[in-house]
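To find a chain, count down the sequence lines: A is the first, B the second, and so on, and within it residues start at 1. Predicted, not measured: the structure shown is a model, and the values here were computed from it.
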Protein chains: 2
Amino acid sequence: MNIKELPFTIDAIAKAYAEGVRPEAVIAEAFRRLEAVGDPGIFIHEARETALAEAAALGKPDGRPLWGVPYVAKDNIDVAGMPTTAACPDFEYRPADDAFVVSKLRAAGAICLGKTNLDQFATGLVGVRTPYPVPRNALDPEIVPGGSSAGSAVAVAQGMAAFSLGTDTAGSGRVPAALNSIVGLKPTLGALSSSGVVPACRTLDTISIFAMTVADAWTVFDAACSFDAKDAYSRDISVSDLSAVPPALRIGVPDTKSLIAFDNGMQETDFRGTVAKLASSGATIVELDFEPFYAVARMLYEGAWLAERVSAVGDRLTEKPETLHPTTRAILEPGLALSAVDAFEGQYRLKELERACLNLLAKVDALCVPTIPSFVSVKEIEADPIGPNSLLGTYTNFVNLLDMCGIAIPTGTRADGRPGSVTLLGEKGRDALCAAVALTLEAGSMGATVWERPTHTAIEPGAPRDSEIAIAVCG
Amino acid sequence: MNIKELPFTIDAIAKAYAEGVRPEAVIAEAFRRLEAVGDPGIFIHEARETALAEAAALGKPDGRPLWGVPYVAKDNIDVAGMPTTAACPDFEYRPADDAFVVSKLRAAGAICLGKTNLDQFATGLVGVRTPYPVPRNALDPEIVPGGSSAGSAVAVAQGMAAFSLGTDTAGSGRVPAALNSIVGLKPTLGALSSSGVVPACRTLDTISIFAMTVADAWTVFDAACSFDAKDAYSRDISVSDLSAVPPALRIGVPDTKSLIAFDNGMQETDFRGTVAKLASSGATIVELDFEPFYAVARMLYEGAWLAERVSAVGDRLTEKPETLHPTTRAILEPGLALSAVDAFEGQYRLKELERACLNLLAKVDALCVPTIPSFVSVKEIEADPIGPNSLLGTYTNFVNLLDMCGIAIPTGTRADGRPGSVTLLGEKGRDALCAAVALTLEAGSMGATVWERPTHTAIEPGAPRDSEIAIAVCG
């Protein structure tokens with residue numbers, strides 16, 4: 001086997017190990033790919049030597065689900081022995097312990113290659129709000145890499161890590177997936193512990209997972225999901241195997257009036273294609289007026305939750321504002337003026353909108369939306385650091401405020417060569433349902449690689465099945 | 001029948017109606033009792049003529065559960081055609097519609113006698129923070145009536161209303177029950193709609209029910225509980241009949257170190273007596289360190305939730321502060337200085353404490369606590385308007401912050417002649433379990449009346465039973 005051609009999917013790596021390839025060789029190949037890509041913006045901290053040592057110490061394959069699988073972690077997630085910066089050099093500390101999720105991945109055999117770049121303090125959807133070199137979009141350097149989990153998304157899309165950890169408060173685990181043609185799994189809040197994660201909005205944060213395929217993302221989720229008694233926001237959620245979609249699947253989509261899509265109609269065309277695919281596989285498409293969801297989305301940066309981000313950076317905003325990225329600082333500052341009355345009144349307003357949204361969600365099993373309404377160029381964001389960023393959050397900002405889960409997946413190439421992407425969204429706990437639907441839709445390029453998307457065994461929607469039967473998924 | 005001797009319990013009233021007594025006579029008797037008591041502080045608005053007219057219009061008994069049953073409503077709950085003041089004359093408005101719960105009671109045949117006095121804007125546990133005459137405690141005028149649902153509790157304890165509506169944010173539906181020897185049912189948040197209720201802390205408010213017996217309170221709860229699509233905080237909860245207590249009941253109580261009780265040991269003696277009764281009927285008593293509950297309790301008035309009360313009174317606090325009771329104003333003012341960061345950080349802190357409390361609650365089916373740690377005199381509260389009020393909330397303040405339900409019941413007379421009271425508390429949705437346990441414990445005087453407490457059919461704890469069997473309760 002020529003290791004340079006080894007696709008970094010979990011199954012392909014496991015197969016290589018079964019054939020005698022050593023993890024050290026895979027780790028070395030990961031860093032060779034990093035060098036070949038030549039993007040100094042992906043990592044804030046590279047851990048080549050540590051990773052090689054861990055690989056050497058692994059012994060023989062032992063059946064652990066992520067044995068010898070290389071991954072990267074967003075630099076707001078602690079990995080013992082590596083610095084955590086949240087893309088704010090002055091914030092740097094060296095954690096003694098792994099984040100809870102990192103410890104789970106370590107226990108499953110995964111090897112961390114280093115810590116990746118992000119929009120500072122996870123505030124942004126563009127990936128350029130960092131004092132470090134900006135990561136390049138894996139497909140087109142004129143397009144923003146997406147954020148805030150920029151480096152984590154690019155590392156997977158460039159084929160140097162089999163998966164990566166991001167975080168997702170407003171869409172940071174989904175928008176970069178769309179911009180780099182990969183999968184972004186944003187679990188139900190509390191499914192993945194936040195112990196050892198730098199908060200953005202503590203009531204809305206979750207770790208997210210990037211991978212090339214839905215099956216890989218699910219394997220990682222399964223390994224990482226575990227109740228953490230030390231995280232007050234952790235929930236006791238059991239991860240089921242991915243099963244078939246229900247026989248009478250109902251998928252909600254924005255109606256014509258409320259669909260927001262640009263790029264000369266290309267984003268809409270791509271989205272309609274996916275919806276048609278869903279319909280032809282037997283799903284009932286339910287058109288919904290999305291205004292209540294958009295109203296919730298607007299609350300995230302315009303409303304009281306900004307104060308959570310202010311709380312997360314502590315005194316820095318008032319005592320050492322010069323240590324913040326200018327855009328981050330400009331976004332956070334209005335949060336200082338919000339009163340506790342504002343905070344509670346924002347929550348009342350959310351509760352009312354939530355009722356309207358739940359009434360819509362009661363009509364369907366899941367929603368399908370474009371992950372982003374359009375692509376955003378680096379130039380556009382240089383001209384206006386905030387407007388295009390907000391636009392990118394159209395279909396993501398409302399999700400965590402409504403305690404929903406979601407998974408973004410590539411859907412194939414648009415007429416202009418850019419990757420299409422949709423997100424399946426469901427009420428809390430419907431992670432497996434969303435992923436199962438996503439499994440029937442994922443298509444197109446695996447990031448910037450030339451690798452062929454593996455086929456998987458999917459149960460046809462509409463086929464009779466026992467909803468309790470767990471279906472094995474081959475990635 | 002001499003109507004002057006008719007106990008105003010729901011069953012006794014129904015029996016009188018079955019024997020031919022007219023509802024007009026019962027309403028007239030209610031107002032005769034009010035005159036006999038001679039307390040100008042109970043009602044803010046008396047509705048004698050309306051009530052008599054409604055009684056006359058009732059026709060013949062038609063099987064509705066509250067047909068012709070007289071009740072009173074706290075004056076922060078709308079009754080169509082009567083003014084609502086929340087004990088702030090300047091706030092007065094005349095609602096066109098009944099509060100949702102009032103409309104349910106009307107549909108069940110109940111007749112509202114008027115609107116009762118309260119600690120202004122439901123802020124207080126003493127009942128004296130009102131610009132109207134202070135209601136007198138039904139048992140001892142030297143003791144505070146308890147609040148904030150003061151008039152509603154006293155009206156029931158004086159035997160002039162078969163039940164009453166209060167509200168409960170910090171204990172306003174339980175503390176006055178203890179001080180007047182009646183039952184106070186505080187349902188799970190969202191079980192009773194808040195539509196048409198003046199908010200105190202919108203995230204923590206609920207309507208509560210006072211009655212002479214657990215069975216009566218439950219009958220009213222059953223009639224009033226219904227999902228309200230217009231109240232964003234309403235929950236779809238189904239009310240089961242009161243069933244027997246589980247065969248292996250585990251009741252948590254404060255351990256010796258964390259029990260807070262005064263009155264020369266009398267409150268502790270009374271409480272120990274109830275716990276012994278529980279133990280002798282087969283329940284397992286589990287001693288718990290209550291510190292996490294107390295830590296939550298302290299957050300209610302010392303922390304961010306004060307801003308909800310500020311929000312509830314709107315511009316009044318800054319524009320027309322002279323229209324507020326001086327104590328209410330003094331309590332609310334610090335809420336103006338709280339920031340949104342304070343609000344969210346309070347919620348983080350609560351979430352952490354909640355985890356500790358849930359770990360304790362997981363060990364038991366319900367908690368049993370003294371409803372109040374001691375009695376408080378009118379003189380004491382005149383000397384210090386705030387300290388003794390806080391003391392009264394020891395066992396009540398944490399309950400709504402933790403989304404728990406509860407029911408306060410009289411337990412008999414202490415050596416000093418004052419009524420004992422305990423509260424059964426459970427996790428959300430355990431209203432029926434708490435009430436079922438309460439049913440086995442209620443004892444002692446029915447308010448200030450000389451009526452005999454009716455016997456009821458209770459299933460012995462520990463007896464084998466099918467948990468799905470609904471047991472009819474005879475009040």
| request: Heavy-atom pairs under 4.5 Å with chain B are the metric here; pick the option from A:Ala229, A:Ala307, A:Ser234, A:Ala343 that has the most. | output: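 When all of A:Ala229, A:Ala307, A:Ser234, A:Ala343 are compared, A:Ala307 has the most.
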
Practice task
May I ask you to name which of A:Cys201, A:Ser339, A:Ala304 has the most heavy-atom pairs under 4.5 Å with chain B?
Solution key: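 When all of A:Cys201, A:Ser339, A:Ala304 are compared, A:Ser339 has the most.
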
Below 4.5 Å from any heavy atom of chain A, which atoms of B:Glu354 appear? Answer side chain, backbone, both or neither.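 For B:Glu354, no heavy atom lies under 4.5 Å from chain A.
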
Worksheet entry | Side chain, backbone, both or neither of A:Asn359 within contact of chain B (heavy atoms, under 4.5 Å) |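 Contact with chain B: none, neither part.
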
Let me know if A:Glu352 has heavy atoms under 4.5 Å from chain B in its side chain, its backbone, both or neither.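 For A:Glu352, the contact with chain B is made by backbone and side chain together.
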
So does B:Arg235 have more than 12 non-hydrogen atoms from other groups sitting under 6.0 Å from CZ?
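Above 12, so yes.
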
- Item | Side-chain (B:Arg355) to main-chain (A:Asp231) donor-acceptor, under 3.5 angstrom |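 Judged by distance alone, yes, a pair lies under 3.5 Å.
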
- [ ] Working to the nearest 0.5 Å, report the span between CD of A:Gln347 and CZ of B:Phe344.
- [x]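 These two atoms lie 5.0 Å from each other.
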
request  = Check whether any side-chain heavy atom of A:Tyr348 lies under 4.5 Å from a side-chain heavy atom of B:Ser311, and answer yes or no.
outcome  =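 Yes, close enough: below the 4.5 Å cut-off.
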
